[in-house]
*Asks:* 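Below you will find the structure I want to go over with you.
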Amino acid sequence: MTIMKSNFKLLAISAAMLAFSASSAVAQGYAYTEPTSSGYNASGYVLPSISRINPDSLFGTGKSANGAGIRFGTPVSPNWDFQLGLQFGRVDDAANRYEQMTLGLDGVYLFSRSRFRPLLLVGAGAQRDRFITPTSQASSTSPYIGVGAGMQFSFSDQWGMQLDVRRNHAFLRGNSFGSKRSDTDIVSLGLMYTFDKAPQSAPRVVQAPAYVEPPAPIVVAPPMPAPQPPPVIAVAPPMPAPAPPPARFERINLSASKLFGFDSAELRTPMPKLDEVADALVKYPDATNIVITGYTDRLGSDVYNQVLSQKRADAVKGYMVNRGVAASRMTATGKGESNPVVSCSEKNMTKLMECLEPNRRVEVEQVTIERRIL
């Protein structure tokens, strides 16, 4: 019992530390730096944990108990992980003893891949219940389903924690416990270790073409003209000033990966390309009806991508306003994952995210600028 109480105190202290670290990061405005072009570490991880279980009273005990477990997880998309786990708990009540062991697979939905990650989980598996008294024992292995919620918190590229609360509903087989179903509440706190660090994208080097000096022009001397009578001197009228070239409509395509962090609508600084566009619009105030359109790639839900693209378009418009462009001259709209520039079918998540990068963009359309071409 002394060991069980110590484990429970450790669970409570660790949960408090995790909550304090997460709230401090949010209060300080922590900005997550995406480690790769895909925005998250696609490597697998291991998650040993301690837990507190509260089994159904039909198992002959009204007490809670400490437990332990281990899970193996792997990311499968920007928002989903799979976790395969083994959990064991034991309750000692006077001379009686109850044991529970589960083996199951959970689907974990992460609302972000930032440092602080709220999550929902749903899972299924097998649950073995065993109740032992001095004179008898009963046991049963049954299927179960479970739902829960929690959060992950990342300390570094490879270390983090996961805290979750879940309820498992078992469909008991046989009549060993006098009921066909049972519920168990479980609180788990685990230390997460990711096997590999996220690979960093190598800088892209573009080789400038070599300068080739044009050949010297060949000058042919014209034949000497025949002597002419003295010319009549006439004053030519002044040449009219050349007409200015017609206004040009330009569409400026800005890469969202350069403007924003992954899964973020906060502009990075400095923004030389946006500064150039803003300066041109301030210089030519007649340019109106400017449409700023945000796009995302096809990863993630349609609703989430629509909201993210609108936020990014609004962020670019707000930046232009701060640079002196009147808000009435611009319209910001988000089109989510529509109008893709490229189509990709890579199976590897990292390569797929790299391939889809051109689709994550912000376009500034109908920019009317009058320029003189010499």
Side-chain angles (χ1 to χ4, degrees), residues 7 11 14-15 18-19 22 40-59 64-91 98-113 116-130 139-154 160-174 177 179-195 299-301 304 349:
N7 289 339
L11 176 61
S14 300
L18 177 58
Y40 70 97
N41 191 343
S43 175
Y45 54 87
V46 62
L47 185 66
S49 62
I50 57 176
S51 59
R52 188 75 175 175
I53 69 170
N54 184 21
D56 203 309
S57 59
L58 67 90
F59 294 119
S64 300
N66 293 334
I70 188 168
R71 305 182 208 179
F72 295 92
T74 181
V76 294
S77 78
N79 294 103
W80 283 96
D81 283 10
F82 282 157
Q83 293 181 355
L84 177 65
L86 180 67
Q87 174 79 29
F88 176 79
R90 168 177 164 175
V91 180
Y98 168 72
E99 297 176 351
Q100 183 186 98
M101 179 179 292
T102 60
L103 176 64
L105 179 66
D106 292 337
V108 181
Y109 180 82
L110 300 167
F111 289 89
S112 74
R113 289 288 180 177
F116 175 70
R117 311 164 191 163
L119 62 86
L120 298 175
L121 63 86
V122 59
Q127 173 178 311
R128 178 167 178 79
D129 302 292
R130 187 181 181 196
S139 63
S140 174
T141 301
S142 314
Y144 78 86
I145 58 175
V147 295
M151 62 182 177
Q152 291 181 357
F153 189 79
S154 175
M161 299 180 74
Q162 177 171 315
L163 173 66
D164 57 74
V165 181
R166 66 184 297 153
R167 167 164 285 194
N168 288 345
H169 182 80
F171 303 91
L172 299 180
R173 293 181 174 177
F177 301 102
S179 178
K180 293 297 184 181
R181 58 184 62 86
S182 71
D183 293 312
T184 304
D185 296 322
I186 305 174
V187 180
S188 298
L189 177 65
L191 182 64
M192 184 167 59
Y193 175 74
T194 304
F195 296 116
L299 299 180
S301 67
Y304 184 83
M349 182 57 64

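Computed from a prediction, not measured in an experiment: that's the story for all the values here.
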*Asks:* Can you list everything that forms a salt bridge (Lys or Arg N to Asp or Glu O under 4.0 Å) with D183? Sequence neighbours excluded, please.
*Replies:*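 Salt bridge (Lys or Arg N to Asp or Glu O under 4.0 Å) list for D183, sorted by chain: empty.
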
*Asks:* Do you know which two heavy atoms are closest between P78 and L299, and how far apart they sit?
*Replies:*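 Of all heavy-atom pairs spanning P78 and L299, the closest is CG-CD1, 4.0 Å.
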
*Asks:* Grab the two heavy atoms, one from L105 and one from F82, that are nearest each other, plus how far apart they are.
*Replies:* CD1-CB, 4.4 Å

*Asks:* When D185 is tested against each of R52, R167, R166 for salt bridge (Lys or Arg N to Asp or Glu O under 4.0 Å), which residue passes?
*Replies:* R167

*Asks:* Ignoring hydrogens and geometry beyond distance, is a side-chain donor-acceptor pair present between Y304 and N79 at under 3.5 Å?
*Replies:*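 No, N79 and Y304 have no side-chain donor paired with an acceptor closer than 3.5 Å.
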
*Asks:* CD1 of I145 to CD of Q127: how many Å apart, nearest 0.5 Å?
*Replies:*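 Nearest 0.5 Å value for the CD1-CD distance: 11.5 Å.
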
*Asks:* Between D164 and R71 (salt bridge meaning N to carboxylate O under 4.0 Å), is one present in this structure?
*Replies:* yes

*Asks:* Do N41 side-chain atoms and S43 backbone N/O form a donor-acceptor pair below 3.5 Å?
*Replies:* yes

*Asks:* Could you grab the distance from atom CG of L119 to atom CG of D81, nearest 0.5 Å is fine?
*Replies:*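 Reported to 0.5 Å precision, the distance equals 9.0 Å.
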
*Asks:* Please name the pair of heavy atoms, one in L172 and one in S182, separated by the smallest distance, quoted to 0.1 Å.
*Replies:* CD2-OG, 3.9 Å

*Asks:* Is any side-chain heavy atom of L86 less than 4.5 Å from a side-chain heavy atom of M101?
*Replies:*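 They are in contact (side-chain heavy atoms under 4.5 Å apart), so the answer is yes.
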
*Asks:* Which value, rounded to the nearest 0.5 Å, describes the distance between N168 atom CG and I53 atom CD1?
*Replies:* 10.0 Å

*Asks:* Please examine the side chains of S188 and Q162, heavy atoms only from C-beta on, and report whether any two atoms are closer than 4.5 Å.
*Replies:* no

*Asks:* For the residue pair S142 and R173, what are the closest heavy atoms and their distance?
*Replies:*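 In terms of heavy atoms, the two residues are closest at OG-N, 3.2 Å.
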
*Asks:* Looking at side-chain heavy atoms only, is the closest gap between M192 and F153 below 4.5 Å?
*Replies:* no

*Asks:* Would you mind reporting whether L191 and M161 have side-chain heavy atoms less than 4.5 Å apart?
*Replies:* yes

*Asks:* Of all residues at least two apart in sequence or in a different chain, which pass the ring pair (Phe, Tyr, Trp, His ring centres under 6.0 Å) check with F171?
*Replies:* H169

*Asks:* What residues, two or more places apart in sequence or in another chain, satisfy ring pair (Phe, Tyr, Trp, His ring centres under 6.0 Å) together with F111?
*Replies:*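 F111: ring pair (Phe, Tyr, Trp, His ring centres under 6.0 Å) contacts with Y109.
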
*Asks:* For N54 versus S64, what's the shortest heavy-atom pair and its separation?
*Replies:* OD1-OG, 3.5 Å

*Asks:* From T184 OG1 over to Q100 CD, what is the distance, rounded to the nearest 0.5 angstrom?
*Replies:* 4.0 Å

*Asks:* So, for G104 and L84, which heavy atoms are closest and what is the spacing to 0.1 Å?
*Replies:* O-CD1, 3.4 Å

*Asks:* For the atom pair CE (M151) and CG (L163), what is the distance rounded to the nearest 0.5 Å?
*Replies:*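 Answer rounded to 0.5 Å: 5.0 Å.
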
*Asks:* Considering only heavy atoms from C-beta outward, does the side chain of V46 approach that of I70 to under 4.5 Å?
*Replies:*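 Yes, at least one pair of side-chain atoms sits under 4.5 Å.
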
*Asks:* Any donor-acceptor pair under 3.5 Å linking the side-chain atoms of R117 with those of S112?
*Replies:*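 No, because no side-chain N or O of S112 sits under 3.5 Å from a partner of the opposite role on R117.
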
*Asks:* Taking only residues two or more places apart in sequence or in another chain, which ones pass ring pair (Phe, Tyr, Trp, His ring centres under 6.0 Å) with F88?
*Replies:*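 Partners of F88 under the ring pair (Phe, Tyr, Trp, His ring centres under 6.0 Å) test: none.
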
*Asks:* Test of understanding: with ring pair (Phe, Tyr, Trp, His ring centres under 6.0 Å), list the residues that count as partners of Y144, not counting sequence neighbours.
*Replies:*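 For Y144, no residue satisfies ring pair (Phe, Tyr, Trp, His ring centres under 6.0 Å) once neighbours in sequence are set aside.
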
*Asks:* With heavy-atom distances below 4.5 Å as the criterion, would you say the side chains of Q87 and S51 are in contact?
*Replies:* yes

*Asks:* Test of understanding: with salt bridge (Lys or Arg N to Asp or Glu O under 4.0 Å), list the residues that count as partners of D129, not counting sequence neighbours.
*Replies:*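 With sequence neighbours excluded, D129 shows a salt bridge (Lys or Arg N to Asp or Glu O under 4.0 Å) to no residue whatsoever.
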
